[in-house]
Amino acid sequence: MHSSPAELARSTLDSAPDAMLIVDEGGVIRFANRQVFALFSYGHAELIGQPIEVLMPERFRERHVGHRKCYMQAMRLRPMGVGLELLGRRRDGSEFPVEISLSPVQGGGSQLVAAAIRDVTDRKQVEAELIVARQMAERARETADHANQAKSRFLATASHDLRQPLQTLALLNGTLRRMVTEPRASQAIAQQEQAIATMSRLLNALLDISKLESGAIKPEPQDFRVDSLFHELRGEFAQVAADKALNWHVETCDDSVHSDPALVGQVLRNLVSNAIKYTPRGEVTLRSHSENGAIHIEIADTGVGIPPEQLRYIYDEFYQIGVAANSSREGYGLGLSIVQRIVKLLDARLEVASEVGKGSVFSLVLPPAILSLPAPCEAEPATASGPRTSKVRILLLEDDPAVRDATRMLLALEGYHVTPVASVAEALERLTDGEAPDMLVTDYHLSNGETGTQAITTLREALGVPLAAVLITGDTAVAREDTSRDAHLRVASKPVRAEELLELMRGLLG
Ligand code: ADP
């Protein structure tokens with residue numbers, strides 16, 4: 001049986017997925033497919049011959065008549081109400097979001113308009129959910145940012161406020177040790193020194209972890225020679241290894257890597273310190289080799305080793321093999337968790353192989369240097385001819401009266417001529433008073449937002465010479481920036497031990 005063209009058109013339109021209407025020039029519904037009745041819950045007879053406005057909420061009807069007339073005058077294919085939220089209205093008065101596209105149709109000499117209407121309830125719902133999800137994510141990010149900022153502020157305060165009294169204690173301890181001769185008092189002072197050192201180590205470890213977590217530490221990768229770090233470590237650990245009668249062996253190497261030297265240094269210091277700590281006899285070796293295009297820096301020891309089942313826990317905070325969480329022994333179980341955080345930050349890799357009773361090898365895998373680096377120059381020979389402290393004039397710039405006084409006492413006891421000042425202005429005043437100072441010892445964070453770095457520049461300009469300076473700071477990033485470029489500057493991290501400070505000063509004075 002053949003269908004007429006009109007029947008064919010109707011059955012085609014009825015099977016279309018969208019609701020479709022044909023409206024005449026006067027806005028009267030002339031045709032509607034099956035989906036229109038389903039969507040708006042009207043019967044066929046109820047809708048045909050009615051104005052199109054019955055399908056929209058009453059409050060829009062009047063305005064729509066105007067829009068419709070305009071459209072009839074300049075008809076073209078287009079979506080309706082771009083940028084507007086269009087609503088359809090069912091027979092029972094309920095509303096739902098729709099999308100409508102219009103197109104002109106020629107029909108028997110009169111101008112008709114075809115409208116395709118789509119129910120977009122589901123899409124709008126998804127859009128609304130997406131908006132809510134995005135807002136929630138945004139809010140969560142803001143909360144996290146705030147928490148991070150609060151943490152950074154807390155850290156800045158904690159690091160300054162805790163380091164200051166600790167610094168005072170460390171310097172007073174050094175002073176006392178020089179003043180006291182009675183053996184029992186000396187012993188108490190030595191124990192006190194141990195306690196201060198332990199406190200400093202824990203404070204530093206906690207601050208390191210928080211700093212790494214808050215994102216305050218940003219690696220500054222550069223090409224550098226592994227040997228330059230090895231050179232520093234060789235000296236730094238010589239005494240600790242000798243104290244345990246361990247053979248401390250640092251191999252020479254030609255490798256260069258591309259990474260952040262200060263952070264790599266921190267990782268290696270932690271690993272070497274562990275290797276020495278967990279090796280009762282034998283040797284600890286620091287070496288480097290290149291393998292598959294990467295540089296492997298290895299710390300090998302002949303120590304107690306790590307049982308295989310413990311290997312995955314050693315990076316956890318406060319985890320120490322064979323030690324209950326709250327009992328004490330040397331260290332806090334924080335070293336390797338700091339190491340792991342730094343390794344992640346550096347985008348590097350840390351591998352470990354260990355055998356109980358034989359020893360461990362920790363290996364830091366780094367990318368090679370991008371450029372080839374020239375061999376280092378020989379270190380400048382020291383021209384020191386023994387300490388000569390008595391005539392040496394020290395300008396001491398420190399805004400905290402307790403730290404200033406403790407430092408002054410220590411330096412005076414050591415034989416230096418000390419001029420303590422609290423601000424850059426006071427320091428400048430003192431310059432004109434008498435002989436120029438031989439060295440400036442300054443804190444980094446001074447009051448009124450002044451910094452030790454500014455103080456050094458200002459005083460050097462005033463004197464017209466590159467005045468030797470020791471900058472004492474709790475901020476390791478400052479330390480990294482300033483020491484690399486200045487031969488007359490040494491940076492000490494707070495809390496600095498009395499001996500350390502004096503040693504730095506002697507080194508600078510030559
Ligand atoms: P700790 O302050 O206890 O040294 P770490 O986080 O640095 O803390 O190390 C966690 C644990 O891993 C240590 O307590 C120790 O048991 C084990 N460990 C780390 N390095 C070595 C090593 N070189 N040899 C044997 N055991 C090690």
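As the structure lists them, so they are numbered: ligands from 1, and atoms in each ligand from 1.
- Applying the 4.0 Å criterion to heavy atoms of Ile314 picks out, from ligand 1, the atoms 6 (O), 10 (C), 12 (O).
- Here Gln310 has no heavy atoms under 4.0 Å from ligand 1, in either its backbone or its side chain.
- Scanning all heavy atoms of the two residues, the minimum distance from Asp438 to Lys391 falls at OD2-O, 3.8 Å.
- The atoms of ligand 1 that sit less than 4.0 Å from any heavy atom of Tyr319 are 10 (C), 11 (C), 14 (O).
- With no hydrogens or angles considered, no side-chain donor-acceptor pair links Asn270 and Gln266 at under 3.5 Å.
- Residue contacts with ligand 1 leave out Tyr315, since none of its heavy atoms falls under 4.0 Å from the ligand.
- A pairwise comparison of heavy atoms in Ala422 and Ser447 identifies O-OG, 4.4 Å as the closest pair.
- Those atoms of ligand 1 that come under 4.0 Å of a heavy atom in Leu334, given as number and element, are 6 (O), 8 (O).
- Geometrically, ligand 1 and Ile321 share a nitrogen or oxygen pair separated by less than 3.5 Å.
- Interface of Lys277 with ligand 1, defined as ligand atoms under 4.0 Å from a residue heavy atom, comprises 1 (P), 2 (O), 4 (O).
- Contact detail for Asp254 and Arg225: the closest heavy-atom pair is OD1-NH2, 3.6 Å.
- Inspection of the Ser290 and Asp255 side chains reveals no N or O donor paired with an N or O acceptor under 3.5 Å.
- More than 12 heavy atoms of other residues, nucleotides or ligands sit less than 6.0 Å from atom CD of Glu236.
- Ranked by closest heavy atom to atom 26 (N) of ligand 1, the top entry among Ile338, Ile306, Leu311 is Ile306.
- Residue pairs meeting the salt bridge (Lys or Arg N to Asp or Glu O under 4.0 Å) criterion with at least one member in residues 442-471, sequence neighbours excluded: Asp443-Lys494, Arg460-Asp486.
- Of the heavy atoms in Thr279, none comes closer than 4.0 Å to ligand 1.
- Using 4.0 Å as the threshold, Ala275 has a heavy atom nearer than that to some atom of ligand 1.
- For the pair Arg404 (side chain) and Glu398 (backbone), a donor-acceptor distance under 3.5 Å is present.
- For the residues Ser354, Gly333, Ser337, the heavy atom positioned nearest atom 8 (O) of ligand 1 is part of Gly333.
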